[in-house]
Structure formats: C-alpha cells, structure tokens
Amino acid sequence: MKYYDKLIFELSREGRSGYSLPEDRWDCHPDSLPDGLKRASALRLPQVSEPDVMRHYVNLSNMNFGVDTGFYPLGSCTMKYNPRINEETASLPGFSGLHPLQPADTVQGALQIYEDLSRCLCSLTGMAAFTLNPFAGAHGELTGLMVMRQYHISRGDMKRTKVIVPDSAHGTNPASAAVCGLEVVQVRSTPEGVIDIQDLKPLLDDTVAGIMMTNPNTLGLFETGIDEIEKSVHEAGGLLYYDGANMNALLGKVRPGDMGFDIMHLNLHKTFSTPHGGGGPGAGPVGVSARLARLLPSPAVSKREDGKLEMVAMPDGAGRISGFTGNFGVLVKAYTYILMLGRQNVKNVGPYAVLAANYVKESLKDKYKLPVNSLCKHEFVFDGLLETGDGHEVTTLDIAKRLLDYGFHAPTIYFPLLFHQSIMIEPTETESRETLDAFISVMRRIADEAAADPGLLKTAPHNTPVGRPDETSAATHPKLKYDFCQATKTGL
Amino acid sequence: MGFAYFPHTDEDIRVMLDRIGLKSVDELYSDVPQNVIYKGEFDIPDAMSEMEVRRKIGDLASRNVRLKIFCGAGAYDHYSPAVIPAVISRSEYLTSYTPYQAEVSQGTLRYIFEFQTMMAELTGMDCSNASMYDGPTSAAEAALMTVACTRKKHRVLLSATLLPQVLEVVETYCRFHGVEVTEIPAADGVTDLGAVPQLLSGGDVAGVIVPGINRYGIIEDLTGLADAVHASKALLAVYSDPSALAVIRTPGEWGADIACGDAQSLGIPLNFGGPYLGFLCCRQEYVRKLPGRIAGETSDAEGRRCYVLTLQAREQHIRREKATSNICSNQSLMALYVTVYLSLMGPDGLRKVNSLSYGGAHYLHSRLLETGLFSEAFSRPFLKEFALRTSVPADRLQKVLLDNGYFGALSCGEDLVSFCVTENRTKEEIDDLVEAISKAFRPDDCLKGC
Amino acid sequence: MSKIEEGLLYSESHEWVKVEDGKAVIGISDFAQKSMGNIVYVDMPDEDDDIARNEDFGAVESVKAASDLIAPVSGTVTDRNEVLEDEPGLLNEDPYANWIIKVEMSDPSETESLMDAAAYKAFLDSQE
C-alpha cells in the first residue's frame, strides 16, 4: 500500500474534460427554461481527463484492503471470498439494461431469478416465503419488525409494542425497533453467555410483540435454550425474529424455521458471498413462516394463471419499503453463488466456518483471554490479552492496529459490549489452514510484543499509508467536503 | 472431490479437528439440540460447474426483452462511461468492508469525501452523507430527520406530485414510526402551494417534502415555499434528480434545509431497479442529525492528511433506543460509481447530458403532439420527461411500442401517459417510435373514444 | 477516581447544579466526562426553551458515544454556554468550571431531592 495525497478536485484544470458524448444537434436547449427555474450558482465539479480519472482512482484503491488483498477476520461480517463469476452474471446486459417498470412479459428471466432465489432461501432456512426487496441487513431488520407489528395490528392486538432484545445483540436491533415504533426491553445474558431464561420469562406479558435473537449469538455461542425460549415466547403470544447476521455458522446444518423462528433476515453480502463493496450495496431478504406470508411488503412476485410471473401489490402487507424490488444486481450474485455451491457443497459452509473458528480459538486461548471457554460457532470473542505488561496497558485497539502492520485486517473490536476489550474473530470457510496458521502465529507474536515492547503497539500501525487519524478533531470541527476557497487561496 | 471455494484437504480437516480435540466435523454441532439439526435434502439444484452456471444465468438473462427506454419515473437510462466498471471492479474497492480501520481504508474514505463534496455542490447544500439505499428510502429518512430536528412535532407534509413509490415508502416508514402524513394536493400538475399555509397552521408540522421535478416531469416553481415552511418552524426537503441539478434550480437555491433523491440518474445502469443510490444532504446546522455514514478530513500523528468516518456517535449503535434511523451502511460502491461518473463528466459534460436529453424530449413532445393523438396535459416547463393527455388507452400504446422494441407511454394518471428521453436516444429512434404510433392509431380512433 | 466538587448538588445521571442568584447553573460531573472520553459536541437547548426535570434537555457526544443530558430541575433556559460550541473539550479539561446552561427554576424545591457532594460520592461508590 502506498500513500497518495490527491483529491480529484486538486487535479482539476479549467477547460479539461473526461467525457465523450455525441454532438448536440437539437434545436432547443435548457437555456430556454424560465430563469427562475434554472441553476444560478456555479457548478464546481472537477475538470479532468479520462486518464487522470483512471489513474486517480487506481491510486486511491492502492490505499484500500479487501478480501482479495488478504485475510479479513472481521467478526460478525463474514468476509468470505467473493467469487468473480457473481460479478459477471450480475452485469449481463440482459439484466443491467432492464427498466424496473417494464411490463412483466418482458422481464420473465429477472422475475424467475427473484422466484428461484426466494425458493432456495426458503429451503435453506426453513421459512415459507421471502421478500428480496430489503436493501441491507438493517433494512431487513426494519422490514421484519414491520411485518411483526403488522401481524399484531392485523389481529386487532394493538397493545403489543415491546420487543425483547438480548444485551449481547447487534446495535442495529434496538435501533431498528425504535425506528419501527417499538419499545426495546433488554434481557440479560448468563455468565455462560446465552440468554438468561429466568430473566426472560417475567418480561413475557401481553404487551410483547416478540423477541429478536441472533443464533449463534454475538459471542459465537449457540443459544442452547432455544426450545424453551421458543415455547415461552409463543405461549405469551409473541413472535420470534431471527437476525441472520450469523447465519453462516448454520448454513447447511441448522435452519431458523426448524428452531421455531417466525421472521428472519439474511445478509446476502455475508452468507451468500456477494461483495461488501466498501459498505454496500448488499441485500437483506426477509423470510417468514406461512401464517405471515401475506404480510410481506409490496411488491411481491407471483405466478399468473398462464404460468408466467408478475409483480403484485400485497394488500394486507406492511407496505412498500423500497422504490422497486431491492438491489436486484445483488440478488443475481447470491443466486449465482447458490448454483455454484449446489445442494452438495452448501452442507459444508457452516461446518467449515465453525471448524476454522474453533481452530483459531484453540490455538490462541493461552495468549488471549477467552471469557467463555466452550465450543463456538463461526466466530468467537476474546477479552483482550491474557497477560498485560505492567504500566503499559496494551488495549484491543493497539492489537488491532498492530495486525494491520502484518498485512492482516483487524477483527471487530469493542463489540459485543459485554466485555471491555472485545476482539471478535470470524475466519470463514474460504480460508486455508496455511492462512489461519499465519494469522495465529502473528497474533501470538503480537502477544509477545505486548509484553516486551508495548510502545511498539501503542504507536501502531507503522506500515500503513497513514497512521491513526485524529478522530477527536475530525468530530469536533467536522470537515465534510473539499474547501474550494482554500484551494483558490493557495493557487490550486 | 474438492470445491473451488473451500481450501480444505482431508488432512487439513484432521489436523484442525485434532487441535480442537474433536473426532468429527459433526461434533462441532454437539451443543445444538439434535431435533433442529437438518437431516433432509435441500431443495436447491445440484452443484454446477462455472460454465454451466454461466449458461443457466445467461439463458435467464436472454429471457428478458431488451428495449429502448423511453420511460423514467424514477429510473433513467443515461449513458455509463467505460471507465466506471473498470474502476469499481477493482478488488480493493469491491471486496472491502465499511472503512472502520481508517489506516487501510483511505481509498474508500477519500472517494466518499469526494462524493460528499460533489453531492453538496450539485444540490447547493452544505453537507452530504456517504449515501443511502435508494431515492424513496432517502425521502423516508429525510421525513424522520425533520422530526428529529424539531421539537414535539409529529407530522410531515408530502406533495401529491412526488413519484408514487416515494409517497408509498415515506408513508410506510412514517406509519410505523408514529409520524402523521398529510398530502399536499396537486393543482394543474404541480404542488398546490396555495394549500400549504392552511396545512402548516396546525403548528405540528416537522417537515415538508416536495419534488424539484415531479411525477409528470414538470420542473416545479417553489417560489415562497421555504419562507412559509420556515415561518412555522418546519424544515423543507426537496426531492431531486441530481443529474438535472446541473441546469435547474437547486434545493439550496430554493431555500431547502434537506435535499434527498436518487442518484441513479448519474450513470448507474437501470439494473431492474437496483442497486441504485439514495442521497441525503442538509444545511450545516442539521449535520449532527444527518443519518448514515459520513467521512471527514483530519490528519494522523505525522500530520498527513487523512480521512475517517466521523460523527459516528449519532449512530444507532450508541443512542439506539431513541434512534430515528437504523441505517448503518451506505451503497458505497454505487457512491464510487457516481463519483467517477461526475469526475469524467465535469460541469460541461453534465450540462451536455441535460442538453441532449432536453433537446430529444422536446423533439419527441412536439412530434407526438403533431400526430393528433395527444394533447398537452399541463403546458408547464419540463426537462427530459413529460406527460401527455390521450384517449388511446395506455396499455394499447405501450403494446405497440413494445412490438417495435420500445418501452414508453407509462400510465401516470387518468388519460395521462409519460415519456422520457435521455442522451442515449437518437433522433432516428424517436422518429421511428412516432411512426409506429402513427401507424397503429389514427386521430379518428381517439375521437371515437377507443 | 473522579473528582467531586464540594458545594454543588448532583443528580444520579451525573449532572451538577449550583444555585446562583435563584438560577440553577447546570453542568456534568467529572465522572460523567471521564466515562464519555473526548467530548466533541454539546447539544444545548436554545434560550427561552423550557426544560422539565428528569427529561433530556440535550446531549454530549464523544467520538464513540453519545449521552443524553437529563434535567435535574425544571425551568426556562436563560443562558447557554456558547464557548462549548467551539471548544466542547473544555468539559473534559474542567467539568466544574465549565457550565452548560443556566435555568430560571419553576420549582426551586426540586433541588431538595438532589445529592450533596458526600451523598454523590456514596452513590458513585455504590455503583462500582
């Protein structure tokens, strides 16, 4: 990685251009619009040539780390390999040129993919129906909670406005609940790291809409009390929501539907290998049990009498949550991945992910503090170093930054909030034993460095394009866009 | 047999299990109640080779009909330069996560900073976030943001001339969040600004959302609206097509507090509806209520200029029980798409895109009127999209166009159809489309009320 | 170990109150600023805004966290410490020298339910 300090605006020179458009032969122009409707202010977009643009963005990319660059053990994010065939199929002109409002007869192939992918996801999760419209995991959560509320409202049960969320939950769970107009009630974890059923039971009254669970939970532990939780919540008239962020642990082995969950979302950019793209686009399909299927958002894909597919509104549903039918391009990628896996290989996704996580955990637990020493699923959490040097307390942040020096991406840090020094490691099923061994050896070396030379870690990273940014000044006096005036003053 | 995405040899599995102290892979699930271990066969196809997958998906793609697009309604067929796919397919962008580790994410953070600058510049606002899912959800976020920015107000006003999908999505979000929605009626194809003071008079309105260009393609005249809205301590959000903002009056120039919309029009392929790119911009005083990711400039210990996600404390993972937004990602790669597009286009290119679209759309508009099958619906200024009145049923018109390889004449109200022309459409195509309509229908047909 | 200034009144949500000329001067305690880390923004009400006891009247934000400010008393805001807009870090440097708002109390007897320094110290100890 190489430091490169330009912004595209700094390459701009008056009169340069990077576009190629046909000659304008029309005899009327936007100039003839009424003055009051026209833009009056200058438009300070960069003026750069095509080679400038290409080189600038390649140079910027050299300061980025992706799964293709190296091992990316970011807990809860499932940074598995993103097959390139996904990209190729998604960009086929037969898909990329389709207008979302084209008549159904002209988009049968696209609707077939929507339908086929839904069916595959139903089979893999044990749910009865899916909407593929949500754009991301958080969007799926919100959609799923809307379905949950819609269910109670449709039965005239208006007082169910509370949702139970474990203290180990992903931060988006309570936020999604709040946006959906639900009140959040927290349930405690036991010292073993799973939901405390004794704490849960008194919460289950007739105001509870449901419970949101991640299983395995954010500690990477399977919620072994799931049978009892399922019975108790259902008996109280609530629904069970499954946060699919950790579905990679179970893919091919355990289905949320079989555990009694009524609603769930999947993160196609995690479990189904579509790339994260630096933060998106992803997709967060929502699956439901049969009794909730009519409550899914609009539009949905359905079969016409002539056997062709069409898009329909859902009159009883939660409503429309997306402009059209979600991030269709991402759906094509996930469908491609499922076809590549097939029914034979999908059975190994969860088991190999779990194998890798336990292998790394067992190889490091003599150096790092393991709060819950048991079998984990696809990820696990350390609570900092087992032994810290005296005086110079090395933190999780320091360890994460030092890892960057060795060419690994850092794990997820300071989450879950149950511990002060959380380091959450998720290796995924696509990493070889050699890669895992290299990571293990670096993690051990960092533990030794922490004892021998803590200053080295405190000031890490040393080999990256930039060092630790000053986040306090960034947030105190936010500078969120390029300052054109400053550039004029300095003659740029 | 091995599988291309799994590196495990039998030997690897044995060694790894040994380290864990287990005998078989199945034992990794010994903590799971046995009744939920799935023992059936999945109803998904048998594994295929890459060439078989390519063929299967290729067959599905070829079952779609590729049409020349004369339709907008929130998704625009603008040209996408060849440089863009080359840039966004770079592994370093494509396969990275949200830039939490700033030291190894300067590429992503820098283009987000550039994107924010460009969107602020286009909309005439002070700041932008790093992007949202799509236009309609950005409008919903804008609605909830106005509630967060005002005290004890729980109503938003939505113009009836917003795109139907925008109205529906905002309505869904508001219904669940407990925000009341009132529609501002349309009058002669535009937002009835005369109705606004009465609607504001209750004092409970947090925000007002109107389109810059509306569902009929009309450029709305929002003169005086911002003053009326601000007088009742509410916020004004303008839903915009950012491509058009190179030439038409910006949300900032109209006095808006928030700009939202879909940046798909900035070169992103139609893609059957997604991925697209929502955007959300605001005035400086509201920046700490702006939902979503935001990148900011700072420096490292050695004084090197660098970028970092900032203002994160506002995010749901901190004040989560009081959240008015749960978004914790952006459509980052699509933001890169748009950043590269705007870099290539520059001010001149984007103006030319608009000029070509405007010229083509006005040519089609007058040619269609000449057929005698259509009449002016509203006689108001438009850019690249317009509605006409006709007594020919929209589905029959659409069918004729489809038979000739075109998609247009979208029904947008009783006796109303809309068309859209971008720089991707040629004069020959427009002439051919008009001829196809002329051949299929005669003005007499209309008079008979067909 | 957090500093506790004598002569101030404290709430369980870690705001302090000093009654001056019948007005309540409100800030946050040393414990509060320490648990926040570097403070980057203080969200304050406007002058003439009414605030109600036990309801939030603003927030303080650090790089990684945000915390509501809970009103220890009810009343009308008469002053806001605008210096904090540009230098929120002053709350870290000296939380007792830097107040956040001043309030004309609507019910001065509300201060009776607040803790004095000794009681607040005992409260903090009990929280450990």
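Lettering of chains follows the sequences in order, A, B, ..., and the numbering in each one begins at 1.
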Exercise for review: Apply salt bridge (charged side-chain N to carboxylate O under 4.0 Å, His left out) to B:Glu41 and A:Lys347, showing your working.
Suggested key: CA-CA 10 Å; B:Glu41 273 296 322; A:Lys347 288 179 180 165; 3.0 Å; yes

Check your understanding: Quick one: of B:Pro81, B:Cys306, B:Gly349, who has the most non-hydrogen atom pairs under 4.5 Å with chain A?
Key -> B:Gly349

**Study point:** Carboxylate-amine/guanidinium proximity below 4.0 Å for B:Arg19 and A:Glu362
**Key:** no

Study note, to complete from the structure: Comparing A:Ser432, A:Gly342, A:Gly279 against chain B, the one with the most heavy-atom pairs below 4.5 Å turns out to be A:Gly279

Point to revise | Validation row: B:Ser89, A:Glu87 side chains within 4.5 angstrom (heavy atoms) | key: no

Check your understanding: With a 4.5 Å limit on heavy-atom distance, are the side chains of A:Met1 and B:Val104 in contact?
Key -> yes

Check your understanding: Tell me, side chain or backbone of B:Leu17 under 4.5 Å from chain A's heavy atoms, or both, or neither?
Key -> both

**Study point:** Step-by-step side chain to side chain donor-acceptor pair (under 3.5 Å) determination, A:Asn64 to B:Thr108
**Key:** CA-CA 7 Å; A:Asn64 248 25; B:Thr108 301; 2.6 Å; yes

Point to revise | Pair A:Arg468 + B:Asp300, salt bridge at N-O below 4.0 Å | key: no

Review point. Do B:Arg110 and A:Asp5 sit within salt-bridge range, that is, some charged N less than 4.0 Å from a carboxylate O?
Key: yes

Review point. Between B:Asp43 and A:Ser123, is a side chain to side chain donor-acceptor pair (under 3.5 Å) present by the stated rule, with each step listed?
Key: CA-CA 6 Å; B:Asp43 181 21; A:Ser123 175; 5.4 Å; no

Practice item. Answer with side chain, backbone, both or neither: which region of A:Met146 has an atom nearer than 4.5 Å to a non-hydrogen atom of chain B? Key: both

**Study point:** Max heavy-atom pair count under 4.5 Å with chain B, selected residue of A:His276, A:Arg343, A:Met54, A:Met63
**Key:** A:Arg343

Revision key, fill the gap. Interface check, chain B: of A:Pro297, A:Gly137, A:Ser17, A:Ala40, most non-hydrogen pairs under 4.5 Å belong to A:Ala40

Exercise for review: Can you label the angle between the B:Phe272 ring and the A:Phe328 ring as parallel, tilted or perpendicular, going by 30° and 60°?
Suggested key: perpendicular

Check your understanding: Tell me, side chain or backbone of A:Leu101 under 4.5 Å from chain B's heavy atoms, or both, or neither?
Key -> both

**Study point:** Plane angle bin for B:Tyr363 and A:Trp26 - parallel if under 30°, tilted between 30 and 60°, otherwise perpendicular
**Key:** tilted

Exercise for review: Can you tell which part of A:Asp470 gets under 4.5 Å to a heavy atom of chain B, answering side chain, backbone, both or neither?
Suggested key: both

Practice item. Flag the one option from A:Glu88, A:Arg119, A:Arg25, A:Glu471 with the top tally of heavy-atom pairs under 4.5 Å to chain B. Key: A:Glu88

**Study point:** Lys NZ or Arg CZ of B:Lys352 over A:Tyr19 ring: under 6.0 Å, within 45°
**Key:** no

Review point. So which of A:Ala400, A:Gly278, A:Pro461 has the largest heavy-atom pair count under 4.5 angstrom toward chain B?
Key: A:Gly278

Exercise for review: Report the residues that fulfil ring-ring contact (aromatic ring centres under 6.0 Å, His included) with B:Tyr38, sequence neighbours left out, ordered by chain and then residue number.
Suggested key: B:Phe42

Study note, to complete from the structure: Scored by heavy-atom pairs under 4.5 Å with chain A, the best of B:Arg66, B:His362, B:Met334 is B:Arg66

Check your understanding: Contact part of A:Ala42 toward chain B, heavy-atom cut-off under 4.5 Å: side chain, backbone, both or neither?
Key -> backbone

